[in-house]
Each structure stands twice: as C-alpha cells, then as structure tokens.
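Read the structure below first, then the notes.
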Amino acid sequence: MAVYQESGLEVDLPDHQIFRFCDCTAYRRLSSYSLKEMDFGWWDNQASTLWLMELKDYSRLALEDKLPNNLFGNFVDKATDSLMMLAAVWSNSEHGQALGRCLPTPCTSFPQQPHEIKLVFVLKLESQQLLTQLSALSVRLRNRLRGRIALFNMSMTDLILLDHMTAIRAGLPIKIPSTDSLP
C-alpha cells in the first residue's frame, strides 16, 4: 500500500494503481495555464471504478466560521479540469499522451471497459456547525457539474461530498493519522 499524508489525513491506496496529477511532469507543465487537479486518483480493479478524490482540511475553523466562499468554485474547477485531463488521455492528444504516462494502464484505456467514475470531495471538519453546510454545498456541486458528469456517462450518485468521519465510515481509504506517524 502507498501511504500519503494530505490535509491532515492519512490516505492508504493500492500500489501501482494510483496516480497524482501533481506528481506528473506533464501536469506540472500545464498547471501554469491555471489547470487544477484533484489530489488522488486510483483504479479499483474489483469494482472497475476510477476514483478521483480531493481532500481539504478545515478542522481549524472556529465554531462561528463558515466554509470559504471560493470552495465551491475550487471544487468545480478541480473536477472539471481532472475530467478534461482524462478526456485528453482518452482522445490521445499530444498532452494526453504525456499525461497518460503518469496513469495506471486501466485508466488510459478507460472508455473501452465497463466502468464507473467516482468524484469524491472530503472535508476534514471538527465543527458540527460546518457539517450543516455540506448538504447545500453538495446540491450546488451536483447542479453545476450535472452536464459535465453526463458527458462521462456518470450518474449524479457518483459525485460524493463527505466530512472525513463519514468518509472513513463509508470505507474510503483515509484515516486520521496516529500521532506516531505525524512528521
């Protein structure tokens, strides 16, 4: 398993079936054009599912604080740009070929297989007050990304917004790091 620390959470993903656009030279070259990426991608062979996951840590927000106003736009950009990069890989464009060298093989030929794509946004939250904001944010995300999701033959249930504790209980490959594993 490959273990990562991201946004105050530990992520355990299967070796050889993971990718991070941020670690890809081709993405880093394109990121100067304001291209955004989601934190993790992985191929789940058993479920024939490509997962894209973004993590954000808002655990230090005070009880009276609200989630940042730019969070919605940030999530929309990250989802859209990540899907566009995958589409570039699948269409075999010049940039797509370069990006494809960073992806697990099943992700490069993705449209030819029975498949699902799951977009997951996980917020590390400590305040119950902030949890109440997730439902409205989820509805806004679904409404904005509905057309983009349809282009990839995804259902709206394939866009998931969760707080970190719900994500852990749902079986996503994240956990709260033990104090021994913190740098």
Side-chain angles (χ1 to χ4, degrees), residues 1-15 17-22 36-83 86 104 107 115-150 152-183:
M1 296 293 266
V3 179
Y4 298 91
Q5 300 291 325
E6 181 78 31
S7 296
L9 296 167
E10 190 171 286
V11 182
D12 296 314
L13 295 170
D15 287 329
Q17 297 298 313
I18 63 173
F19 63 94
R20 296 191 73 184
F21 283 122
C22 69
K36 308 277 187 206
E37 44 74 40
M38 293 183 71
D39 292 324
F40 297 95
W42 72 95
W43 175 253
D44 178 345
N45 208 30
Q46 281 186 304
S48 293
T49 299
L50 172 60
W51 291 82
L52 296 173
M53 182 169 64
E54 177 68 17
L55 304 173
K56 292 285 184 195
D57 184 356
Y58 293 110
S59 61
R60 291 188 174 87
L61 288 179
L63 186 60
E64 66 277 359
D65 288 339
K66 293 189 180 294
L67 292 171
N69 289 332
N70 67 343
L71 184 60
F72 170 76
N74 190 6
F75 281 173
V76 168
D77 289 346
K78 285 176 171 283
T80 301
D81 291 356
S82 293
L83 290 170
L86 290 169
C107 298
H115 65 278
E116 277 191 82
I117 304 173
K118 303 256 186 205
L119 298 173
V120 182
F121 301 92
V122 178
L123 301 181
K124 185 175 182 193
L125 302 172
E126 299 300 332
S127 165
Q128 291 297 315
Q129 176 101 2
L130 294 174
L131 286 174
T132 63
Q133 297 176 42
L134 290 187
S135 179
L137 180 59
S138 181
V139 169
R140 287 182 67 206
L141 276 172
R142 288 170 184 271
N143 287 340
R144 176 63 70 85
L145 293 171
R146 185 178 309 275
R148 294 165 179 102
I149 287 171
F152 287 85
N153 293 326
M154 296 166 59
S155 70
M156 289 308 292
T157 58
D158 295 336
L159 182 132
I160 305 162
L161 173 65
L162 302 169
D163 68 277
H164 71 288
M165 293 306 296
T166 303
I168 290 168
R169 285 192 298 274
L172 286 172
I174 61 171
K175 62 183 178 181
I176 299 169
S178 68
T179 54
D180 297 341
S181 65
L182 293 176

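- By the ring pair (Phe, Tyr, Trp, His ring centres under 6.0 Å) test, Tyr4 is found to be paired with Phe40, residues two or more places apart in sequence or in another chain being considered.
- With contacts defined as side-chain heavy-atom distances shorter than 4.5 Å, the pair Tyr58/Leu71 qualifies.
- Residues satisfying the salt bridge (Lys or Arg N to Asp or Glu O under 4.0 Å) test with Glu54, not counting sequence neighbours, are Lys56, Lys78.
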(request) Let me see the working for Ile176 and Ile168 under side chain to side chain contact (heavy atoms under 4.5 Å, CB included), right down to the final yes or no. (result) CA-CA 9 Å; Ile176 299 169; Ile168 290 168; 4.1 Å; yes
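- The minimum heavy-atom distance linking Val11 with Leu55 is given by the pair CG2-CD1, 3.5 Å.
- With sequence neighbours excluded, the residues forming a side-chain contact (heavy atoms from CB on, under 4.5 Å) with Arg142 are Ser138, Met156, Leu159, listed by chain and number.
- Scored by the side-chain hydrogen bond (donor to acceptor under 3.5 Å, both in side chains) test, Asp39 finds no partners at all (sequence neighbours excluded).
- Listed here is the closest heavy atom pair of Val122 and Leu172: CG2-CD1, 4.2 Å.
- Considering all non-hydrogen atoms of both residues, Leu83 and Phe152 come closest at O-CZ, 3.4 Å.
- Looking at residues two or more places apart in sequence or on another chain, you find no salt bridge (Lys or Arg N to Asp or Glu O under 4.0 Å) involving Lys36.
- When all heavy atoms of Gly8 and Pro177 are compared, the closest pair comes out as O-CD, 3.4 Å.
- The line from CD1 of Ile149 to CG of Leu119 is 6.0 Å long, rounded to the nearest 0.5 Å.
- Contacts of Asn143 classified as side-chain hydrogen bond (donor to acceptor under 3.5 Å, both in side chains), with partners at least two apart in sequence or in another chain: Arg146.
- Residue-environment remark: CG (Asn70) exceeds the threshold of 12 foreign heavy atoms within 6.0 Å.
- With sequence neighbours excluded, the residues forming a side-chain contact (heavy atoms from CB on, under 4.5 Å) with Pro104 are Gln17, Phe19, Pro106, Cys107, listed by chain and number.
- In this structure, CD in Glu6 is found 9.0 Å from CE in Met53, a value given to the nearest 0.5 Å.
- Contact detail for Leu141 and Phe72: the closest heavy-atom pair is N-CE1, 3.7 Å.
- Checking side-chain atoms of Gln133 against main-chain N and O of Leu67 turns up a donor-acceptor pair under 3.5 Å.
- Of all non-hydrogen atoms in Trp43 and Thr49, the two that sit nearest each other are CE3-O, 3.5 Å.
- With sequence neighbours excluded, the residues that form a side-chain contact (heavy atoms from CB on, under 4.5 Å) with Lys124 are Leu9, Asp57, Ser59, Glu126, His164.
- Summarising the geometry, atom CG belonging to Leu162 is positioned 10.5 Å from atom CG belonging to Leu125; distances are rounded to the nearest 0.5 Å.
- Taking Arg144 as the reference, nothing meets the salt bridge (Lys or Arg N to Asp or Glu O under 4.0 Å) condition, with sequence neighbours excluded.
- Thr80 meets the side-chain contact (heavy atoms from CB on, under 4.5 Å) test with Val76, Met84, Leu145, Arg148; sequence neighbours excluded.
- Partners of Arg140 according to the side-chain hydrogen bond (donor to acceptor under 3.5 Å, both in side chains) rule, which considers only residues two or more places apart in sequence or in another chain, do not exist here.
- Under the rule for a salt bridge (Lys or Arg N to Asp or Glu O under 4.0 Å), the partners of Asp158 that lie at least two apart in sequence or sit in another chain are Lys118.
- For the pair Leu52/Leu86, a side-chain contact is recorded, criterion being any heavy-atom separation below 4.5 Å from C-beta on.
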